Amino acid sequence: MSTESAAVAARPAAAPSLTAVFVGLKLTLLRNGLRQSTGRTLAYVSSVIVGLLFASGVVVGLIALRGNPHVGALVVLLTGILTLGWAAMPLFFPASDETLDPTRLVMLPLRPRPLIVSLLVASLVGIGPVVTLALVTGSVIAVADGAAAAAVGVVAVVLVVLVCVSLARAVATASVRLLTSRRGRDLAVLSGLFIAIGAQGVNIAAQKLGRPDGLSVLEPLGNILRWVPPVSAVGAVDDAGHGEYGRALAGLGLTVLALVLLLWWWQRTLTTLMTSPDSSTLQAVEKDSARRSGERGLARLLSRGRTGTVILRSLRYGWRDPKSKMSWATALAAGLLVPVISAVQGNGSIYTAFSAATLLGLQMYNQFGQDTSAFWMVASTIATPRDAYQELRARALALALVAVPYVTLVVIGSAALIGPWSAFLEVYGLSLAVLGALLATGALSSALFPYSIPSEGNKNVAPGQGAIAWFSLFGGVVAGAVLCAPLLGLTIWLHVAGLHHLLWVLLPAGVVYGVGIAVLGLRLAAPRVAGRLPEILGAVSKG
């Protein structure tokens, strides 16, 4: 063997491309995931079919709108929504793609810059980028007019897809510690709420766009969004089609700048993530000191007796327990959404602000079931009706700490957004009365009709207790409405009699009546809680 042949034989084999390795890894993870079960395979195939059909329908619709004078505003808005979806996806669906977690790579000898390139290319493999590519291509076709616009459109499609994928990766890297924690899982639980709110927004938008001049309402928003990257790249196609090459170049430049900044931010956060310690490497002393300094804020203001302890416990349940957090978030969002939607639809009324007091008051129902199996520790501290009253009163105060400021803000917002301000005092007073009535009926319902909330799964009622839950909820709401009848009667009488100058009386009357009826309900419920502790404990422990 010659010297040259020996040198070639001794030379180590070239290492495979890092990008090829990551693309192969992405395909392997996808293939192995589909092999886990037939159901998972069917779900994935169904999502691919639905995604492609949706993208095809939108693309056909955009092409059909080609030549419409307002189609530019539509594609700009569509691109903006698409970008927002990519930014939010890692926050609400952190487990949808295992490759979004860069902490799995911290032990590998990889430099950030080539790692980013490989991850970016691997991220282009999947149904999401394909659907995005189709939608952006359809948007470009809808507004491209002439060879120059077509050339700009090719560049714009590539830039928009790269910015969307880079944005998702950068957000996932920056928040990976949160997403893999308990709070991150809680955030994923709330995704259904945001999807529901978004669906309602799409419904309102569709009604607006269904009018003959529907697309014209998008022009003011489109004029603003067209300068926000990567939307500016699609706007550049429209500008090039109208011969405004300077604006087109500026739009592309903004998107290129956004891509560079995103890649820089991604590299910076990735370097920090892969070189800094996490909570598992902190010293026990630091954890102990953090634990000792944990009492701050509201915990310092509350008394150290039973009332303060129960208030703090209730608020912590509402913040930390996923199902309690979902219930609170739904009530807060829906209570605000009802007046806003009615105002947007043009048939709003300030009386829709009652939704805030109603939905927050319903959080008082099934108080002991919300504790799940931990209620036995609470039950061990209740020996007399006085103990039960203090427990219920503290829980009601915890709810009021959130409900009263929230109801105040919603009523003020409804008066400002819908009007008239002359109805503010009566609506505010009636809302506080409704809140007090629901606190009263909620305490009684918790004592008489408790039911279990399963800790796992998506069910909020244990099997076999559905009838109890429905009766507790709707029976209590009806009873609350009956309790508010005196104030409602007074309101109607003042309106019918033309005594509008006396409607201000409803505010102090509502405050006094709401507090009084709530205290009465708590006192009536307390002896029933103390006398039925074994039954309540058995009912809430069935899940």
Side-chain angles (χ1 to χ4, degrees), residues 298-299 301-319 321 324-325 327-328 331-332 335 354 356-371 374-375 378-379 381-382 384-408 410 428-451 453 472-473 475-477 479-484 487 510-530 532-533 536 540:
L298 184 61
L301 299 177
L302 296 173
S303 65
R304 297 190 178 272
R306 182 181 188 119
T307 299
T309 302
V310 175
I311 290 176
L312 191 60
R313 183 190 69 208
S314 299
L315 294 176
R316 283 177 173 170
Y317 275 9
W319 179 250
D321 179 63
S324 297
K325 181 180 291 188
S327 178
W328 274 94
L332 292 170
F354 288 141
T358 302
L359 292 171
L360 265 295
L362 292 178
Q363 302 305 307
M364 188 65 188
Y365 285 71
N366 196 34
Q367 277 291 309
F368 308 125
Q370 296 175 20
D371 293 351
F375 177 66
V378 177
T381 66
I382 299 176
T384 64
R386 177 177 174 79
D387 295 333
Y389 174 72
Q390 291 177 341
E391 176 75 23
L392 288 172
R393 183 186 62 184
R395 292 176 182 241
L397 288 174
L399 197 155
L401 283 176
V402 179
V404 173
Y406 176 76
V407 169
T408 304
V410 171
Y428 188 32
L430 289 173
S431 296
L432 295 177
V434 169
L435 180 61
L438 290 176
L439 290 178
T441 56
L444 283 167
S445 178
S446 298
L448 299 176
F449 307 106
Y451 57 89
I453 300 177
S472 169
L473 184 62
V477 170
V482 172
L483 290 177
C484 291
L487 275 184
V511 173
V512 174
Y513 189 83
V515 172
I517 202 68
V519 171
L520 178 61
L522 295 174
R523 291 197 175 277
L524 291 176
R528 289 161 176 79
V529 170
R532 301 185 70 249
L533 270 181
I536 296 174
V540 303

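Atoms considered below: every heavy atom in the structure, side chains included; atoms not considered: hydrogens, waters and symmetry mates. For clarity, every value in this text was computed on a predicted model and none was experimentally measured.
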_Member of Val529, Leu533, Val378 meeting the side chain to side chain contact (heavy atoms under 4.5 Å, CB included) criterion with Phe368_ = Val529
*What heavy-atom pair brings Pro385 and Pro527 nearest, and what distance separates the two atoms?*
CB-CA, 4.0 Å
*How close do Ala440 and Ile517 get, heavy atom to heavy atom, and via which atoms?*
CB-O, 3.2 Å
*Would you call Leu430 and Tyr513 a side-chain contact if the rule is heavy atoms closer than 4.5 Å?*
no
*Compare every heavy atom of Cys484 with every heavy atom of Ala433, then report the nearest pair and how far apart it is.*
O-SG, 3.9 Å
*Thr384 and Tyr389: side chain to side chain contact (heavy atoms under 4.5 Å, CB included), yes or no, with the steps?*
CA-CA 9 Å; Thr384 64; Tyr389 174 72; over 6 Å; no
*Does any pair with a residue in residues 429-443 pass side-chain hydrogen bond (donor to acceptor under 3.5 Å, both in side chains), and if so which ones, sequence neighbours excluded?*
Tyr365-Thr441
*Minimal non-hydrogen separation, Ala443 against Gly521, with atom names*: CB-O, 4.4 Å
*Side-chain (Tyr406) to main-chain (Leu332) donor-acceptor, under 3.5 angstrom*: yes
*Does any non-hydrogen side-chain atom of Ile311 lie less than 4.5 Å from one of Thr307?*
yes
*Hey, what do you get for CG (Leu362) to OG (Ser445), rounding to the nearest 0.5 Å?*
10.0 Å
*Rounded to the nearest 0.5 Å, what separation is found between the CG atom of Leu439 and the CG atom of Leu522?*
7.0 Å
*Answer with yes or no whether the side chains of Arg306 and Thr381 bring together a donor and an acceptor at under 3.5 Å.*
yes
*Calculate, to the nearest 0.5 Å, the distance between atoms CZ and CG belonging to Arg316 and Leu312 respectively.*
4.0 Å
*Side chains of Gln363 and Ser327: is there a donor and an acceptor less than 3.5 Å apart?*
yes
*Does any non-hydrogen side-chain atom of Leu360 lie less than 4.5 Å from one of Trp328?*
yes
*asked:* Quick check for you: to the nearest 0.5 Å, what is the distance between Leu392 atom CG and Leu524 atom CG?
replied: 11.0 Å
*Less than 4.0 Å between a side-chain N and a carboxylate O, is that true for Arg313 and Glu391?*
yes
_Trace of the side chain to side chain contact (heavy atoms under 4.5 Å, CB included) decision for Tyr317 with Arg395_ = CA-CA 11 Å; Tyr317 275 9; Arg395 292 176 182 241; over 6 Å; no
*Shortest non-hydrogen contact from Ala403 toward Leu435*: CB-CD2, 3.8 Å
*Please answer whether the main-chain N or O of Gln367 pairs with a side-chain N or O of Ser446 as donor and acceptor at a distance below 3.5 Å.*
yes
*How close do Ala400 and Pro405 get, heavy atom to heavy atom, and via which atoms?*
O-CD, 3.7 Å
*Donor-acceptor contact present, side-chain Arg532 to main-chain Ala447, <3.5 Å*: yes
